[in-house]
Amino acid sequence: MDKPIIPPGRVKLLDVARVAGVSTSTVSRVLSQPDLVAEATREAVMNAVAETGYRMNHAARNLRMQRTGCVVALVPNLGNPFFAKILDGMGRELAAAGYDLLVSDTQDGDGRHVSLHRFLDRSRADGIILTDGLVPQAGLETPDSPPVITACEWIEGAKLPRVMLDNREGGRMAVAHLRELGHRHIAVIGGPPDNVLHKARLAGAEEAAGDRPLTVFRGDFTLQAGAAAAQAWMALPVSERPTAIFAFSDEMACAFTARLQRAGMQVPRDVSIVGFDDIEMASHLAPALTTIRQPKRELGMQAARVILRRIEGREVAPMTLLRPLLMLRETTAPVNR
């Protein structure tokens with residue numbers, strides 16, 4: 001069957017529907033609420049949109065519905081490479097629904113939390129995706145503020161929808177892997193003690209360790225913390241050094257490994273290391289880092305879907321939980337002492 005010829009610059013919703021072989025209401029639903037449409041239908045409509053060159057008049061829609069057309073993602077430290085794929089997933093999903101993604105930092109240059117009041121205004125954003133679990137809770141759940149959800153991190157005690165990894169299970173998997181390799185003296189490089197990710201990962205690690213206490217090196221998820229932990233590890237008598245390290249972020253694991261290598265030591269000959277997150281560089285290191293993978297792009301997409309439902313006034317699940325995955329590479333080996 002021949003497809004209709006559409007004059008350039010005059011593409012309408014009906015034209016997209018004809019090319020896709022669906023109704024105009026289905027096209028409208030795909031463009032406004034894609035999660036309600038079957039994947040095959042959604043793909044057919046989006047292919048028709050691309051083929052016809054249809055452009056939705058988002059400005060008119062937003063004016064009609066008294067919306068800004070923007071969702072704001074608030075992250076703690078824009079320089080952290082961990083957030084790149086999460087933000088990419090958010091952006092893709094929001095763009096498909098006709099929304100722009102704006103990104104801002106929850107901290108100033110000195111690491112202090114900034115006021116979020118300027119974002120909690122419906123004239124600035126239709127929704128907020130918050131990825132920092134340490135921001136003040138005050139003002140996040142007022143009738144005048146746009147819908148707010150949390151992603152990655154969460155705020156203890158806040159009744160905000162969460163999109164998150166099962167961090168406790170990730171911590172359990174990391175230490176269980178090291179125990180299976182025969183390691184009994186295991187250390188962790190943690191995060192800030194009041195951070196929810198630190199608490200969840202530590203709980204999982206302790207569960208897998210059983211009656212074997214874990215040595216804890218203080219950290220904050222940064223390269224500097226990983227290097228400092230390496231210095232502390234090397235300062236211990238050889239007989240007292242943990243034979244395996246579980247770092248609560250890949251950045252700390254990478255810095256720990258690099259500092260040991262500069263001192264003439266080898267991983268995993270001298271110590272096994274497991275990271276957390278599976279950032280882009282993890283598989284390109286030498287040795288490649290064994291780590292716990294977060295499905296970061298999927299997490300971002302799920303967060304975008306949840307905030308879109310909240311913007312539309314629909315009910316959402318209190319928690320969307322994603323599963324971690326152990327990525328076995330080259331930084332872990334059976335204990336040799």
Side-chain angles (χ1 to χ4, degrees), residues 76-84 107 109-111 167 170-171 173-175 177-179 181-193 195 197-198 201-202 204-206 208-209 212-294 326-337:
N77 183 7
L78 285 172
N80 190 334
F82 166 74
F83 292 105
Q107 300 176 1
D110 296 320
N167 286 275
M173 292 170 65
V175 173
H177 167 60
L178 295 171
R179 290 293 301 268
L181 292 174
H183 295 280
R184 294 296 178 265
H185 189 185
I186 300 171
V188 301
I189 311 175
N195 180 275
L197 300 180
H198 168 86
R201 293 171 191 177
L202 182 60
E206 290 176 334
R212 296 273 183 168
L214 298 169
T215 299
V216 179
F217 294 115
R218 291 284 295 269
D220 59 6
F221 304 121
T222 65
L223 292 167
Q224 292 79 7
Q231 289 295 132
W233 182 88
M234 289 188 290
L236 294 171
V238 173
S239 61
E240 296 179 17
R241 291 173 180 169
T243 62
I245 302 290
F246 168 36
F248 287 7
S249 76
D250 284 349
E251 285 199 51
M252 294 194 297
C254 292
F256 188 99
T257 302
R259 184 59 60 93
L260 262 60
Q261 289 175 330
R262 284 198 294 272
M265 298 181 180
Q266 294 183 21
V267 174
R269 184 196 66 186
D270 296 306
V271 62
S272 288
I273 300 176
V274 178
F276 203 109
D277 291 332
D278 197 25
I279 61 176
E280 195 72 26
M281 71 174 70
S283 62
H284 300 285
L285 299 172
L289 181 65
T290 293
T291 188
I292 301 297
R293 169 178 286 180
Q294 294 207 51
L326 175 64
M327 306 301 297
L328 294 175
R329 296 192 179 114
E330 300 170 345
T331 57
T332 56
V335 65
N336 59 12
R337 60 178 170 89

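Model, not experiment: these values are computed from the prediction. These numbers come from the heavy atoms of this one structure, side chains and all, not from hydrogens, waters or symmetry mates.
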Quick one: are F221 and E251 in side-chain contact, heavy atoms under 4.5 Å?
-> no

Does the pair I245 and V274 meet the rule for a side chain to side chain contact (heavy atoms under 4.5 Å, CB included), with working shown?
-> CA-CA 6 Å; I245 302 290; V274 178; over 6 Å; no

Any donor-acceptor pair under 3.5 Å from D250 side chain to I279 backbone = yes

Taking all heavy atoms of R241 and all of M234, pick out the closest pair and write down the distance.
-> NH2-O, 2.9 Å

Stepwise, does the side-chain hydrogen bond (donor to acceptor under 3.5 Å, both in side chains) test hold for H185 with T243?
-> CA-CA 6 Å; H185 189 185; T243 62; over 6 Å; no

Which heavy atom in I189 sits nearest to a heavy atom in A229, and how many Å separate them?
-> CD1-CB, 3.7 Å

Determine whether P334 and L181 make a side-chain contact, defined as any pair of heavy atoms from C-beta on separated by less than 4.5 Å.
-> yes

Is there a donor-acceptor contact under 3.5 Å from the side chain of T331 to the main chain of L289?
-> no

Does T332 reach the main-chain N or O of I273 with its side chain, forming a donor-acceptor pair under 3.5 Å?
-> no

Backbone of G191 reached by a side-chain donor or acceptor of R218 within 3.5 Å | no

Could you tell me whether the side chain of V188 reaches within less than 4.5 Å of the side chain of L202, counting heavy atoms only?
-> yes

May I ask you to test the H183-V175 pair for a side-chain heavy-atom distance under 4.5 Å?
-> no

Given side chains that start at C-beta, do those of D278 and I292 come closer than 4.5 Å, heavy atoms only?
-> no

Q231 atom CD, over 12 foreign heavy atoms within 6.0 Å = yes

Where F83 and P76 come nearest, the two heavy atoms and their spacing = CZ-CD, 3.5 Å

Distance, nearest 0.5 Å, that separates CZ of R293 from OG of S283 = 8.0 Å

Separation between CZ of F246 and CZ of F217, rounded to the nearest 0.5 Å | 14.5 Å

Donor-acceptor contact below 3.5 Å, side chain S272 vs main chain A333 | yes

Do R184 and V335 have side-chain heavy atoms sitting under 4.5 Å apart?
-> no

Donor-acceptor contact below 3.5 Å, side chain R201 vs main chain N167 | no

Any sub-3.5 Å donor-acceptor pair from R329's side-chain atoms to T290's backbone N or O?
-> no

Neighbour count >12 (heavy atoms, 6.0 Å) for atom CZ, R212 | no

Examine distances only and state if a side-chain atom of D270 and a backbone atom of Q266 form a donor-acceptor pair shorter than 3.5 Å.
-> yes

Mutual orientation of the aromatic rings belonging to W233 and F256 [parallel < 30°, tilted 30-60°, perpendicular > 60°] = perpendicular

Donor-acceptor under 3.5 Å (E330 side chain, A288 main chain) = yes

Using a 4.5 Å cut-off on heavy atoms from C-beta on, say whether the side chain of M252 contacts that of F276.
-> no

Where R269 and M265 come nearest, the two heavy atoms and their spacing | NH2-CA, 4.3 Å

Is there a donor-acceptor pair under 3.5 Å between the side chain of D277 and the backbone N or O of S249?
-> no

Residue pair P287 / V267: nearest heavy atoms and the distance that separates them | CG-O, 3.4 Å

